[in-house]
Amino acid sequence: MSLEAIKYDAQSQRLTILDQLKLPHESVYVEVKNAQDGHDVIKRMVVRGAPAIAIVGALAVALDVVETAKAEPDAEKVKQYATERLKYIVTSRPTAVNLSRAATDLLSVLAASSAQSGAGVANELLEFAVKMLADDVADNKSIGSNGAEWISKQTDGPVAAVTVCNTGSLATAGYGTALGIVRSLHSHNLLKHVYALETRPYNQGARLTAYELVHDKLPATLVTDSMAASLMARFPDVKVAVVGADRVAANGDTANKIGTYQLAVLAKFHGVKFIVAAPTTSIDFEMRSGAEIVIEERPAEELTSVQGVAVAAPGIGVWNPAFDVTPANLIDAIVTEKGVVENKNGFDLTFLK
Ligand SMILES: CSC[C@H]1O[C@H](OP(=O)(O)O)[C@H](O)[C@@H]1O
């Protein structure tokens, strides 16, 4: 049974999410009833991961509108309410494109709706949001197999891989993107070992990826972010670095968890293949390059303390960007559910539209 970050019960129309702030010590699900709840759990990173926050955001708004439509029969008034809630939910976190793309798609559902009642409009939104949840798992398994196949053609036999942040079942609806590739390598006996960077300051690697790897009984080792260079220097079996994405610009520049850029520089220096894994919903075809990507800055406390315990000198200044941008020239391949795009003097992502 794989880990489920998001649970939606169609019978009761109840959405619950695994509280990732409590992992790995406690496995607690919390209910998300409306857009306000959705905004809160995304902003506080109770749920996180580009695909996961898009799905939770979409479901939260849809359920909010379903509830509102119980007291509002007028379709146009419900459409206006839904539009306002969608504009609100996208303000929760700015860097990942998935949530804003989902909101745009739901606005298109509203514009195309010919429903004559508020409930009819609401149900169309809910149907779209529920399909996102189901589609994501299938997309991730395609990413996993596409990535494992590409890696197997680049290397001679099983490899060791390094990854950063969490890109598994806890960042998606299930299976994962970059961690999906790791799972696929393992299922095809192509994984010697996986090294997970702890990913300071939120520790997605230590708290979440390690939790998934232990749960799945994969051969894995946790290392600090500062060990990445020595890891590549000391362990020649490390042939690939597989990372996720929050937003891939049209030229292939990729925003991902802070620390990804330096991993890419190290990979280039050490001749390690650097692979970005992402569903096509993470590609922003309207954004020409990574220079335009807004990088979220998180509260200083997330860096100066660990689970409430201060680890830094009081009064010290803090810079806490949640993401960085890896330039396309450091990326060997971008793996999606539709296929793998290799860097051939740059990326042509147009076939992924
Ligand atoms: C499946 S990719 C998830 C992506 O999101 C993570 O960021 P955060 O934990 O802050 O939501 C990280 O950048 C991952 O690569």
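Here the structure is a predicted model, which means the values were calculated and not measured. Atoms within a ligand are numbered from 1 in the order they appear, just like the ligands themselves. Numbers here are sequence positions counted from 1.
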Q: Give a yes-or-no answer on whether the side chains of R48 and Q204 include a donor-acceptor pair shorter than 3.5 Å.
A: no
Q. In the hydrophobic cluster built from side-chain contacts under 4.5 Å, what are the other members alongside Y88?
A. none
Q | Distance from atom 2 (S) of ligand 1 to nearest protein heavy atom, with residue and atom | A | A245 O, 3.8 Å
**Q.** The one among R48, K257, R247 that brings a heavy atom closest to atom 10 (O) of ligand 1
**A.** K257
Q) Does the side-chain contact (heavy atoms from CB on, under 4.5 Å) test come out yes or no for Q80 and E72, once each step is laid out? A) CA-CA 11 Å; Q80 288 167 12; E72 178 49 75; over 6 Å; no
(Q) Using modelled atom types and a 3.5 Å cut-off, is there a donor and acceptor pairing between side-chain atoms of D74 and backbone atoms of K77? (A) yes
Q | Option with minimal heavy-atom separation from atom 3 (C) of ligand 1, where the choices are A52, G168, A50, P279 | A | A50
Q: Provide the number and element of each atom of ligand 1 under 4.0 Å from a heavy atom of R93.
A: 8 (P), 10 (O), 11 (O)
Q.
Any heavy atom of T260 closer to ligand 1 than 4.0 angstrom?
A. no
(Q) In this structure, does ligand 1 have an atom that sits under 4.0 Å from one of the heavy atoms of E296? (A) no
Q: Can you pull out the closest protein heavy atom to atom 12 (C) of ligand 1? Residue, atom name and distance to 0.1 Å, please.
A: C165 SG, 3.3 Å
Q: Apply the test salt bridge (charged side-chain N to carboxylate O under 4.0 Å, His left out) to residues K70 and E67: give CA-CA distance (whole Å), side-chain angles for both, the deciding distance (0.1 Å), then the verdict.
A: CA-CA 5 Å; K70 289 175 183 173; E67 190 60 29; 2.9 Å; yes
Q: Specify side chain, backbone, both or neither for Y202, according to which of its non-hydrogen atoms lie closer than 4.0 Å to ligand 1.
A: neither
(Q) Taking only non-hydrogen atoms of A322, do any sit less than 4.0 angstrom from ligand 1? (A) no
Q. Just distances here: any N/O of Q204 and N/O of ligand 1 closer than 3.5 Å?
A. yes
Q.
For S282, which part has a heavy atom under 4.0 Å from ligand 1: side chain, backbone, both, or neither?
A. neither
Q: Return a yes/no value for N256: is any of its N or O atoms, backbone included, closer than 3.5 angstrom to an N or O of ligand 1?
A: yes
Q: Looking only at distances, please establish whether an N/O atom of ligand 1 is found under 3.5 Å from an N/O atom of G49.
A: yes
(Q) Please give the remaining members of the hydrophobic cluster of W319, linking ILVMFWY side chains under 4.5 Å, ordered by chain and number. (A) none
Q | Identity of the nearest option to atom 1 (C) of ligand 1, non-hydrogen atoms only, from T199, T177, L208 | A | T177
**Q.** Ionic contact status for R247 with D284, cut-off 4.0 Å
**A.** yes
Q. Looking only at non-hydrogen atoms, which of V276, V243, N140, D246 approaches atom 4 (C) of ligand 1 most closely?
A. D246
Q: Under 4.0 Å from a heavy atom of N166: give me the atoms of ligand 1 that qualify, with their elements.
A: 3 (C), 14 (C)
Q: Show your reasoning for whether side-chain contact (heavy atoms from CB on, under 4.5 Å) applies to S92 and I53.
A: CA-CA 9 Å; S92 53; I53 63 179; over 6 Å; no
Q.
I want to check something: taking the side chain as every heavy atom from C-beta on, are F351 and T336 in contact at a cut-off of under 4.5 Å?
A. no
(Q) Quick check against the 3.5 Å criterion: does R101 have a side-chain atom that pairs as donor or acceptor with the backbone of A96? (A) no
Q | Proximal atoms of ligand 1 relative to G244 (non-hydrogen, under 4.0 Å) | A | 15 (O)
Q) After noting the C-alpha distance and the side-chain angles of K131 and E127, does the key distance pass the salt bridge (charged side-chain N to carboxylate O under 4.0 Å, His left out) rule? A) CA-CA 6 Å; K131 186 175 183 298; E127 189 178 324; over 6 Å; no
